[in-house]
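The structure under discussion appears below in the form of structure tokens.
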Amino acid sequence: MLDRVLNPATEAPIFGRSDNLPAGWAVSRGPVAYPDAVAAMEARAAAIAEGRAQELVWLLEHPPLYTAGVSAKPGDLLDADRFPVFESGRGGQFTYHGPGQRVAYVMLDLSRRRRDVRAFVAALEAWVIGALGRFNVAGEVRPGRVGVWVARRQPGAPAREDKIAAIGVKLRRWVSFHGISLNVEPDLSHFNGIVPCGVTEHGVTSLVDLGLPATMDEADAALRASFEAVFGPLAPADPPV
């Protein structure tokens, strides 16, 4: 399935809308407080479900913070006083958000696409993998580990793999919210206050950590192009906050 998603020259997007209407694409230039973002997502998702608003992909950055998904384990919060901690209704465990990390909140109507949660998560992974491919980074998925990983192979050093993008979503009335976070140039030491996504045997990385001096605008352009290949057309929209 991923080969079809990532080589779309002769294939329609596998998670496109049945009516081919474009989703909105909005970028917030300043940091957005997490409670404000959640409130805006909740309102937009409800409006989409009621047919009062178009779908929306919302790109932003947060101030430094940790969020706990519905599967978070208290012991995985290693430094509760380092940054604010927010409980989140998304799937997954603990994760970090902060400057230099592109968060993309994805509010899509799966009733207009496909009512298949696993296929939706696979499409989100394929979206990130396609964006990374534009930087010549080979993003990979692993059974039992949601997210996108990069193998680190250096001569004379043990092989390892690090997480470059996290995925955590929630559905209500078949409309998604929350989404993905791609590490462009965050302070990776900020992840030390948690066990990211409950995984202890692997680390985290970013485009800059991989030796790629990517800007946020370049990451956004890669994400947009890959999104259209996987999910279909986009149109400009105003950020909700």
Side-chain angles (χ1 to χ4, degrees), residues 13 15-17 21-45 47-48 53-65 67 86 88 90 92 95-109 113 120-121 123-135 137 139 147-148 163-170 175-187 190 204 206-208 212-241:
F15 227 88
R17 281 179 63 108
L21 287 178
W25 181 268
V27 181
S28 290
R29 294 300 177 185
V32 178
Y34 188 75
D36 293 342
V38 172
M41 279 193 291
E42 295 261 2
R44 185 60 173 248
I48 293 168
Q54 73 178 142
E55 297 176 314
L56 180 67
V57 182
W58 180 23
L59 277 62
L60 54 83
E61 292 176 85
H62 285 305
L65 58 92
T67 67
F86 297 93
S88 171
R90 61 162 174 80
T95 195
Y96 164 78
H97 295 313
Q101 181 190 73
R102 176 52 86 208
V103 174
Y105 288 134
V106 184
M107 289 152 273
L108 300 181
D109 186 354
R113 295 175 179 270
F120 176 52
V121 172
L124 292 173
E125 292 172 334
W127 171 29
V128 176
I129 290 169
L132 291 173
R134 295 173 183 273
F135 296 98
V137 173
V148 179
K163 194 169 195 176
I164 194 167
I167 296 174
V169 294
K170 182 174 181 177
V175 175
S176 68
F177 51 111
H178 297 281
I180 70 163
S181 57
L182 172 64
N183 295 332
V184 179
E185 192 180 6
D187 185 338
H190 289 181
V204 292
S206 68
L207 289 173
V208 170
L212 299 166
T215 67
M216 196 65 76
D217 285 344
E218 289 170 335
D220 290 351
L223 285 167
R224 182 179 181 117
S226 181
F227 183 94
E228 291 187 310
V230 176
F231 291 97
L234 289 163
D238 292 329
V241 296

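All heavy atoms count here, side chains included; hydrogens, waters and symmetry mates do not.
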Flag yes if more than 12 heavy atoms outside E61 fall under 6.0 Å of its CD atom; otherwise flag no.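 More than 12 within 6.0 Å, yes.
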
pair [X]-[Y]: side-chain heavy atoms closer than 4.5 Å:
{"X": "R102", "Y": "V27", "value": "yes"}
{"X": "E55", "Y": "R113", "value": "yes"}
{"X": "P13", "Y": "F231", "value": "no"}
{"X": "P240", "Y": "L56", "value": "yes"}
{"X": "P63", "Y": "Y34", "value": "no"}
{"X": "V148", "Y": "L182", "value": "no"}

Requested in this report: Apply side chain to side chain contact (heavy atoms under 4.5 Å, CB included) to L223 and I180, showing your working.
Outcome: CA-CA 11 Å; L223 285 167; I180 70 163; 4.2 Å; yes

Residue set satisfying salt bridge (charged side-chain N to carboxylate O under 4.0 Å, His left out) with D109, at least two apart, ordered chain then number -> none

message = Pair L207, V137 - check side chain to side chain contact (heavy atoms under 4.5 Å, CB included), show working.
response = CA-CA 8 Å; L207 289 173; V137 173; 4.2 Å; yes

Heavy-atom closest pair, residues [X] and [Y]:
{"X": "V241", "Y": "A40", "result": "CG1-CB, 3.6 Å"}
{"X": "S28", "Y": "P239", "result": "OG-CB, 3.3 Å"}
{"X": "E42", "Y": "F177", "result": "OE2-CE1, 4.0 Å"}
{"X": "A104", "Y": "L59", "result": "CB-CD1, 4.1 Å"}
{"X": "V128", "Y": "A165", "result": "CG1-CB, 3.6 Å"}
{"X": "A123", "Y": "V230", "result": "O-CG1, 3.6 Å"}

Sorted by chain and residue number, the side-chain hydrogen bond (donor to acceptor under 3.5 Å, both in side chains) partners of R224 (sequence neighbours excluded) come out as none

key: Set of side-chain hydrogen bond (donor to acceptor under 3.5 Å, both in side chains) partners for S206, sequence neighbours left out   =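 None.
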
F120 meets the ring pair (Phe, Tyr, Trp, His ring centres under 6.0 Å) criterion, sequence neighbours left out, with F15

Notebook entry, point to check: Under the ring pair (Phe, Tyr, Trp, His ring centres under 6.0 Å) test, which residues partner F135, sequence neighbours left out?
Noted result: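 Not a single residue meets the ring pair (Phe, Tyr, Trp, His ring centres under 6.0 Å) criterion with F135.
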
- Query: H62 side chain to V32 main-chain N or O, any donor-acceptor pair under 3.5 Å?
  - Reply: yes

Do side-chain atoms of S176 reach the backbone of V106 as a donor and acceptor pair under 3.5 angstrom?
-> yes

| request: Determine the interplanar angle of the Y105 and H178 rings, folded into 0 to 90°, and report it as parallel if under 30°, tilted if 30 to 60°, perpendicular if over 60°. | output: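 Because their plane-to-plane angle is over 60°, the rings of Y105 and H178 count as perpendicular.
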
By side-chain contact (heavy atoms from CB on, under 4.5 Å), D238 pairs with (sequence neighbours left out) none

Test log, rule side chain to side chain contact (heavy atoms under 4.5 Å, CB included), inputs Q54 and M107 | CA-CA 9 Å; Q54 73 178 142; M107 289 152 273; over 6 Å; no

Stepwise side chain to side chain donor-acceptor pair (under 3.5 Å) test for T67 and R90: CA-CA 9 Å; T67 67; R90 61 162 174 80; 2.8 Å; yes

